[in-house]
Amino acid sequence: MAARRAKRYKKIAVAYARAAVAGEIVVGAEIVAACKRFLDDLERPDLTLRTKDADFVCNIVERIMVHHKGQTLDGKPLTNTPLILLPWQVFIIYNLLGFYYKGRRERRYKEAFIYVPRKNGKTMFAAALALAIALLERRSGVTVYIVAASLKQARESFNDILYSIRYRGMADEFRILDNNSEHSVHCDFLDDDGRPCGFIHIEALASNPDAQDSFNAPVSIADEMQAMKRASQYNRFKEAGKAYTNKLMIGITTAGDNVNSFCYRRVVYAEKVVTGQVKDDSLFVFMARADQDQKGNVDYTSAVQHEKANPSYGKTIRPSDIMQDAIQAQNDPQQRKDFLSRQLNIYTTALNAYFDLGEFVASDAQYDWTLEQLAKLPIDWYGGADLSRLHDLTAAALYGIYNGVNIVITHGFFPRTEAARKADEDDIPLFGWEEDGWLTICNSPTVNHADIVNWFVQMRDRYGFRIPAIGHDRKFAPEEYIPLMERAGFKVVDQPQLFVVKSKGFRHIEKAAKDGKLFYLHSEAYEYCVSNVHAVEKTDDLIKYDKDPAEPRHRIDLFDASVFACIRCMEETAKKGNEWEW
């Protein structure tokens with residue numbers, strides 16, 4: 001019987017992958033890419049598919065795990081019925097536990113990113129994986145942590161495990177602690193001679209990196225990653241498995257509305273991995289979401305898109321319910337962002353963010369000039385700088401126009417003494433920006449003004465950018481900054497930070513992005529700042545903007561510098577008698 005079931009699991013996994021690639025089932029582009037990756041891996045000479053572990057886990061899940069609440073689509077109670085794995089879940093298990101490097105005991109995947117909308121059974125699936133993988137690895141003495149931003153969320157999966165153990169009459173075999181101080185199940189295993197031969201320990205925790213460290217566990221499962229405020233909440237548990245060859249860190253999440261979050265950056269990276277833009281042989285990716293057009297728009301009333309986003313569509317997701325919610329989202333715009341993120345798995349900007357970041361990204365994606373190519377274009381470039389916080393993020397920018405395309409080049413500066421602390425506390429990827437060339441980390445307690453001057457000098461002398469003028473508010477300029485700029489040969493124009501003045505640059509950048517005429521060299525640092533802009537409409541089309549006062553950790557400095565540069569470009573162009581294109 002077990003052999004027949006084992007053959008069935010492999011058949012399900014392979015059939016799912018082939019059907020997705022052939023277009024025989026309705027799935028999104030990223031799942032198609034994951035399935036193609038799986039089929040390609042079956043042919044890789046350095047990998048081998050061993051079914052034993054994957055079959056063991058699938059069998060454990062279906063033999064032990066039971067639902068403790070819920071109803072079927074036709075209204076029948078699910079309580080005490082077995083958890084039957086759906087094809088997409090079998091596919092995930094086979095990927096995670098089936099592929100080994102040929103001739104070794106080392107599994108290919110060390111990390112997984114599972115990205116599915118709400119109500120697709122992901123929390124129950126996380127519980128099933130925790131128990132089944134723990135039993136699989138019991139001879140190694142395995143600890144499995146189920147972690148989430150809050151203990152209440154982590155306990156959702158833990159309670160599924162606890163209920164299943166009790167229902168199956170296995171409670172006496174486990175030491176169960178479920179009180180205010182600990183939520184865990186533990187079981188010791190003995191061989192035929194009564195000697196210890198392994199154990200499993202599963203514990204639910206809230207991820208608090210300030211209070212937790214020195215974990216030692218080969219398997220951790222992070223649920224609802226979109227609620228984690230900092231990368232360290234995830235990384236503490238990822239690092240816990242470093243002593244193990246076959247470690248596994250599984251992240252399971254739904255989309256959110258904070259595009260500055262660790263989870264969103266993880267989504268972007270996972271997409272690059274599964275589509276082959278980035279090679280990462282250790283990360284498995286399963287991303288279920290609706291398709292977006294080049295501008296980031298979604299046909300959210302389409303049943304096809306509903307099915308693409310929800311792998312359990314028609315099983316745990318009622319088609320009529322999701323269509324009803326889609327119609328409500330169409331008729332009531334305040335429901336739309338929540339529907340897109342929760343049910344179609346599309347990351348959205350926060351409700352209090354002024355810009356739709358998707359418009360900026362879509363506009364920027366149309367162009368691909370390099371710095372060297374831009375320097376050769378017949379353009380006058382105008383500068384701007386935001387130097388108001390010398391112990392924090394400071395920014396400089398160049399702004400130019402070519403054939404109607406508005407081009408923004410930005411660069412940030414941050415003091416090294418504060419960089420590590422602020423990167424962690426405020427969840428800003430400063431060191432990633434430094435690696436990508438968008439940021440200079442200054443070797444001083446505050447931002448070194450000479451570094452900013454040197455950046456403008458480098459853009460002019462090394463690359464050849466023509467820079468007739470640079471705008472800056474003298475009120476916020478340190479005494480040495482303007483003399484340094486003037487000695488370097490730059491014309492510095494006093495440009496007060498009045499919202500009446502800044503509105504012009506703000507509106508022009510806004511219009512350029514909406515028209516698909518804005519290019520910022522794909523800078524993730526600039527996107528980060530754009531997504532943090534909070535604005536209030538004033539009379540006569542004026543606008544007053546700043547970062548959201550409710551989010552003091554956020555920064556908008558690079559965007560602010562681009563507004564300064566845009567204003568300088570507008571005013572200098574007007575002085576020459578040239579028409580400014582609106």
Side-chain angles (χ1 to χ4, degrees), residues 2-3 5-6 9 48 50-66 83 85 92-101 104-112 125-147 154 157-178 182-205 212 214-222 236-250 282:
R5 292 172 67 88
Y9 293 130
T48 183
R50 300 175 188 168
T51 63
K52 181 180 177 181
D53 291 352
D55 291 336
F56 177 90
V57 167
C58 290
N59 267 302
I60 288 293
V61 169
E62 295 192 338
R63 288 172 180 267
I64 296 180
M65 295 300 296
V66 295
L83 171 61
L85 292 168
I92 288 174
I93 292 171
Y94 252 76
N95 272 277
L96 294 182
L97 302 173
F99 285 112
Y100 281 77
Y101 288 107
R104 294 151 61 182
R105 294 184 178 181
E106 181 182 359
R107 292 195 196 104
R108 180 260 188 90
Y109 287 120
K110 309 296 190 298
E111 193 172 0
F125 185 49
L129 286 176
L131 179 60
I133 295 176
L135 290 169
L136 171 69
E137 303 288 0
R138 62 194 182 280
R139 289 191 174 276
S140 298
V142 63
T143 296
V144 177
Y145 291 118
I146 303 173
V147 301
S157 291
F158 175 79
N159 288 339
D160 286 333
I161 294 172
L162 195 56
Y163 185 89
S164 297
I165 288 173
R166 286 170 171 163
Y167 177 78
R168 295 297 186 186
M170 300 165 58
D172 291 343
E173 301 175 32
F174 287 82
R175 185 196 71 198
I176 298 173
L177 295 176
D178 190 21
E182 185 174 336
H183 305 276
S184 67
V185 295
H186 182 99
C187 181
D188 292 306
F189 293 88
L190 305 175
D191 62 17
D192 294 338
D193 297 328
R195 292 176 298 185
C197 64
F199 69 86
I200 67 170
H201 180 88
I202 304 172
E203 186 170 355
L205 294 171
Q212 300 165 340
S214 302
F215 288 115
N216 184 18
V219 181
S220 294
I221 299 176
R236 287 291 186 277
F237 292 94
K238 179 181 175 181
E239 293 162 2
K242 285 189 173 180
Y244 295 84
T245 300
N246 289 322
K247 52 188 168 287
L248 187 58
M249 179 71 200
I250 302 174
S282 66

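- To the nearest 0.5 Å, atoms OH (Y145) and NE2 (H201) are separated by 6.0 Å.
- For the atom pair CD1 of I202 and CD1 of I176, the computed distance is 11.0 Å after rounding to the nearest 0.5 Å.
- Within the 4.5 Å cutoff, no side-chain heavy atoms of I93 are placed close to those of Y9.
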Stepwise side-chain contact (heavy atoms from CB on, under 4.5 Å) check, V61 with L83:
CA-CA 7 Å; V61 169; L83 171 61; 3.7 Å; yes
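- Distance alone, capped at 3.5 Å, places no donor-acceptor pair between the R138 side chain and the C187 backbone.
- One finds the CG atom of L97 at 11.5 Å from the CD1 atom of I92 (value rounded to the nearest 0.5 Å).
- Listed by chain and number, the residues in a side-chain hydrogen bond (donor to acceptor under 3.5 Å, both in side chains) with Y244 amount to none (sequence neighbours excluded).
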Please walk me through it: do Y94 and T51 pass side-chain contact (heavy atoms from CB on, under 4.5 Å)?
CA-CA 8 Å; Y94 252 76; T51 63; 3.5 Å; yes
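- For E111 (side chain) and S282 (main-chain N/O), no donor-acceptor pair under 3.5 Å exists by modelled atom type.
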Would you please test T143 and E203 for side-chain contact (heavy atoms from CB on, under 4.5 Å) and show each step?
CA-CA 8 Å; T143 296; E203 186 170 355; 5.8 Å; no
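- In this structure, Y109 and F99 have perpendicular ring planes: the angle between them is above 60°, well past the 30° mark.
- Residues forming a side chain to side chain contact (heavy atoms under 4.5 Å, CB included) with A222 (at least two apart in sequence, or on another chain): V147, M225, M228, Y234, M249.
- Between I200 and F189 the shortest side-chain heavy-atom distance falls below 4.5 Å.
- For the side-chain hydrogen bond (donor to acceptor under 3.5 Å, both in side chains) test, no residue two or more places apart in sequence or in another chain qualifies with S140.
- Between I64 and R168, the shortest heavy-atom contact is O-NE, 3.0 Å.
- In this structure T245 satisfies the side chain to side chain contact (heavy atoms under 4.5 Å, CB included) test together with E106, sequence neighbours excluded.
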Check step by step if side-chain contact (heavy atoms from CB on, under 4.5 Å) holds for I250 and L96.
CA-CA 10 Å; I250 302 174; L96 294 182; 4.1 Å; yes
Show me the side-chain donor-acceptor pairs of residues 128-137 shorter than 3.5 Å, one per line, residues at least two apart or across chains.
| from | atom 1 | to | atom 2 | distance (Å) |
| --- | --- | --- | --- | --- |
| E137 | OE2 | R107 | NH1 | 3.1 |
| E137 | OE2 | R107 | NH2 | 2.7 |

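- Between I221 and S157 there is no side-chain heavy-atom pair separated by less than 4.5 Å.
- The stretch residues 184-198 participates, sequence neighbours left out, in these salt bridge (Lys or Arg N to Asp or Glu O under 4.0 Å) pairs: D191-R195, D193-R195.
- For the atom pair S184 OG and L177 CG, the distance stands at 4.0 Å (nearest 0.5 Å).
- With rounding to the nearest 0.5 angstrom, the NZ atom of K110 is 11.5 Å from the NZ atom of K238.
- Atom NE2 in H183 sits 8.5 Å away from atom CG in N159 (nearest 0.5 Å).
- Applying the 6.0 Å contact sphere to CZ of R50 captures more than 12 heavy atoms from other residues, nucleotides or ligands.
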